[in-house]
Colleague: 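What follows is a structure written as structure tokens; I'll ask about it next.
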Amino acid sequence: MLNTVIFDMDGLLIDSEPLWGEAMGEVFAQMGIHLTPEHYQHTTGLRTSEVVDYWYHHFKWQDKAPGLVTGEIIEKVTEKILGRGAAMDGLDYILGFFSAHDFKIGLASSSPMGLIRSVLEHLHIRRYFQAVYSAEFETHGKPHPAVYLACAEELNSYPMECIVFEDSITGLIAAKAARMKTVVVPEAHRRGDPRYVLADMQLNSLSEFNENSIKLLEGGK
């Protein structure tokens with residue numbers, strides 16, 4: 001029986017993906033590197049350090065150590081999110097829905113814990129979560145399932161009792177590998193990606209989820 005829900009954060013609870021793009025673009029531009037929207041698609045859902053390492057091996061810049069670049073990106077995106085980060089459609093609804101249905105609620109993000117705390121405070125939603133976990137504490141980030149398994153363990157939940165809400169392919173693969181039911185809410189321009197067929201359910205908004213959705217997940221694949 002499903003009794004636990006675990007949410008991704010960026011691009012699902014808060015409209016932060018464009019802000020991540022801005023922050024990375026500004027930091028990389030300082031080194032003469034200009035990333036395109038196609039570049040960003042290669043690394044969506046990864047930890048910031050993994051994104052930087054990916055592009056470091058691709059561009060092989062000499063100006064700054066990857067760790068310094070990672071820190072600059074996180075600092076910039078935190079500032080942008082606190083200034084302009086907006087809640088995704090249906091955020092208050094979905095958290096209220098699962099709270100009213102007595103689900104245990106967790107958050108498992110690739111973002112560092114400091115940024116996670118800032119987002120939860122910015123959106124005034126920290127009270128809903130019984131567990132908040134960052135992939136920065138794991139050896140492997142998404143698409144490895146470690147962050148979802150660790151969050152479920154903190155909630156004292158068995159993986160097959162969990163529903164995961166994701167927006168990225170990388171996160172979807174992580175949740176499926178953890179043997180959890182998956183609901184994806186992709187960005188509008190990515191909804192046609194055939195890889196989302198891996199999900200148990202695809203929605204256009206968090207507000208579309210309801211009691212019947214739970215029944216379908218419990219009886220579905």
Side-chain angles (χ1 to χ4, degrees), residues 4-21 23-24 27 40 43-56 66-82 85 87-88 91 94-95 98 103-157 159 162-180 182-185 206:
T4 301
V5 61
I6 303 176
F7 293 95
D8 174 48
M9 185 179 77
D10 291 293
L12 181 81
L13 303 185
I14 187 167
D15 188 12
S16 55
E17 294 296 354
L19 304 180
W20 275 102
M24 286 193 289
V27 173
Y40 294 126
T43 56
T44 301
L46 300 181
R47 296 177 291 189
T48 314
S49 60
E50 292 171 325
V51 173
V52 172
D53 284 343
Y54 181 92
W55 293 120
Y56 177 73
L68 180 59
V69 174
T70 299
E72 290 180 358
I73 292 172
I74 292 171
E75 182 178 351
K76 277 185 175 292
V77 79
T78 301
E79 179 181 338
K80 291 175 183 295
I81 286 174
L82 294 181
M88 296 297 283
L91 173 62
I94 198 68
L95 294 177
F98 280 111
F103 268 60
K104 290 178 279 186
I105 303 176
L107 185 149
S109 173
S110 294
S111 289
M113 186 58 80
L115 179 55
I116 294 172
R117 292 193 184 104
S118 294
V119 169
L120 295 179
E121 181 178 343
H122 175 66
L123 296 177
H124 306 291
I125 58 174
R126 179 62 183 89
R127 67 189 184 278
Y128 287 105
F129 298 93
Q130 288 84 58
V132 175
Y133 203 82
S134 167
E136 72 174 330
F137 301 124
E138 296 297 326
T139 303
H140 302 289
K142 299 174 186 178
H144 194 282
V147 67
Y148 280 120
L149 293 172
C151 189
E153 185 174 356
E154 283 204 10
L155 290 166
N156 195 29
S157 296
C162 299
I163 304 171
V164 167
F165 279 74
E166 265 286 355
D167 67 300
S168 73
I169 297 295
T170 301
L172 168 60
I173 294 171
K176 293 297 287 187
R179 297 172 296 141
M180 299 176 180
T182 53
V183 178
V184 291
V185 190
L206 294 169

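Heads up: numbering here begins at 1 and tracks the sequence. Please read all numbers here as calculations on a predicted model, not as lab measurements.
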Colleague: Would a 4.5 Å heavy-atom cut-off, applied to side chains only, mark Leu82 and Glu121 as touching?
Modeller: no

Colleague: If you look at every heavy atom in Ile6 and Cys162, which pair is closest and at what distance?
Modeller: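 It is CD1-SG, 4.3 Å.
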
Colleague: Considering all heavy atoms of both residues, which atom of Met88 and which atom of Gly11 are nearest to each other, and what is their separation?
Modeller: CE-O, 3.5 Å

Colleague: Evaluate side-chain contact (heavy atoms from CB on, under 4.5 Å) for Trp20 paired with Lys80, printing each intermediate quantity in order.
Modeller: CA-CA 9 Å; Trp20 275 102; Lys80 291 175 183 295; over 6 Å; no

Colleague: So which heavy atom on Arg126 is nearest to which on Val132, and how close?
Modeller: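 So the minimum-distance heavy-atom pair works out to CZ-CG2, 3.7 Å.
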
Colleague: Say you draw a straight line from CD of Glu136 to CD1 of Ile116; how long is it, rounded to the nearest 0.5 Å?
Modeller: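 Rounded to the nearest 0.5 Å, the CD-CD1 separation comes out at 7.0 Å.
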
Colleague: Is there a side-chain contact between Val164 and Phe7 in this structure, where contact means two heavy atoms from C-beta onward sitting under 4.5 Å apart?
Modeller: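 No - every pair of side-chain heavy atoms lies 4.5 Å or more apart.
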
Colleague: Side chains of Lys142 and Thr170: do they bring a donor and an acceptor to under 3.5 Å?
Modeller: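 No, no side-chain donor-acceptor pair sits under 3.5 Å.
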
Colleague: What distance do Leu155 atom CG and Thr4 atom OG1 have between them, rounded to the nearest 0.5 Å?
Modeller: 6.0 Å

Colleague: Does any non-hydrogen side-chain atom of Ile163 lie less than 4.5 Å from one of Phe98?
Modeller: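 Yes, close enough: below the 4.5 Å cut-off.
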
Colleague: Give, for atom NZ of Lys76 and atom OG1 of Thr78, the distance between the pair rounded to the nearest 0.5 Å.
Modeller: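 Taking NZ in Lys76 and OG1 in Thr78, the distance rounds to 11.5 Å.
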
Colleague: Which value, rounded to the nearest 0.5 Å, describes the distance between Ser118 atom OG and Ile74 atom CD1?
Modeller: 11.0 Å

Colleague: Which heavy-atom pair separates Ser134 from Pro112 by the least distance, and what is that distance?
Modeller: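 Closest approach of Ser134 to Pro112: OG-CA, 3.7 Å.
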
Colleague: Testing the basics here: between Tyr148 and Gly171, what is the closest heavy-atom pair and its distance to 0.1 Å?
Modeller: CE1-O, 3.9 Å

Colleague: Check each of Ser111, Ser110, Ser168 against Asp10 using the side-chain hydrogen bond (donor to acceptor under 3.5 Å, both in side chains) test, and report the only one that passes.
Modeller: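 With Asp10 as partner, Ser111, Ser110, Ser168 yield a single side-chain hydrogen bond (donor to acceptor under 3.5 Å, both in side chains), made by Ser111.
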
Colleague: Would you mind reporting whether Leu13 and Leu107 have side-chain heavy atoms less than 4.5 Å apart?
Modeller: yes

Colleague: With a 4.5 Å cut-off on side-chain heavy atoms, are Trp55 and Val69 touching?
Modeller: no

Colleague: Main chain of His124, side chain of Arg127: is a donor-acceptor contact present, judged purely on distance under 3.5 Å?
Modeller: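 Side chain of Arg127 to backbone of His124, a donor-acceptor pair under 3.5 Å: yes, one is there.
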
Colleague: So, Gln130 side chain and Ile105 main chain: donor-acceptor pair closer than 3.5 Å or not?
Modeller: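 Here the side-chain-to-backbone pair exists.
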
Colleague: I'd like to know if the side chain of His122 and the backbone of Gly85 have a donor-acceptor N/O pair within less than 3.5 Å.
Modeller: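 Flag set: sc His122 to bb Gly85 pair under 3.5 Å.
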
Colleague: So, applying side chain to side chain contact (heavy atoms under 4.5 Å, CB included) with Tyr128, which one of Ile94, Leu95, Leu91 is it?
Modeller: Leu95

Colleague: How long is the gap from OH on Tyr133 to CD on Glu138, to the nearest 0.5 Å?
Modeller: 4.0 Å

Colleague: Among Asp15, Leu123, Val119, which residue meets the side chain to side chain contact (heavy atoms under 4.5 Å, CB included) test with Ile81?
Modeller: Val119

Colleague: State whether the side chain of Arg117 and the backbone N or O of Leu120 hold a donor-acceptor pair below 3.5 Å, judged by distance alone.
Modeller: no

Colleague: Do Asp167 and Val184 come close enough that some side-chain heavy atom pair is under 4.5 Å?
Modeller: no

Colleague: Looking at Arg47, is its backbone amide N or carbonyl O close enough to the side chain of Glu50 to form a donor-acceptor pair, meaning the two atoms are under 3.5 Å apart?
Modeller: yes

Colleague: NZ of Lys176 to CG of Leu172: how many Å apart, nearest 0.5 Å?
Modeller: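 Between atom NZ of Lys176 and atom CG of Leu172 there are 7.0 Å.
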
Colleague: Taking the six-membered ring for Trp, are His140 and His144 parallel (under 30°), tilted (30 to 60°) or perpendicular (over 60°)?
Modeller: parallel

Colleague: Looking only at non-hydrogen atoms, find the nearest pair between Phe165 and Leu12 and report the distance.
Modeller: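 It is O-CD2, 3.2 Å.
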
Colleague: So, does Ser157 use its side chain to make a donor-acceptor pair with the main chain of Glu153 at under 3.5 Å?
Modeller: no

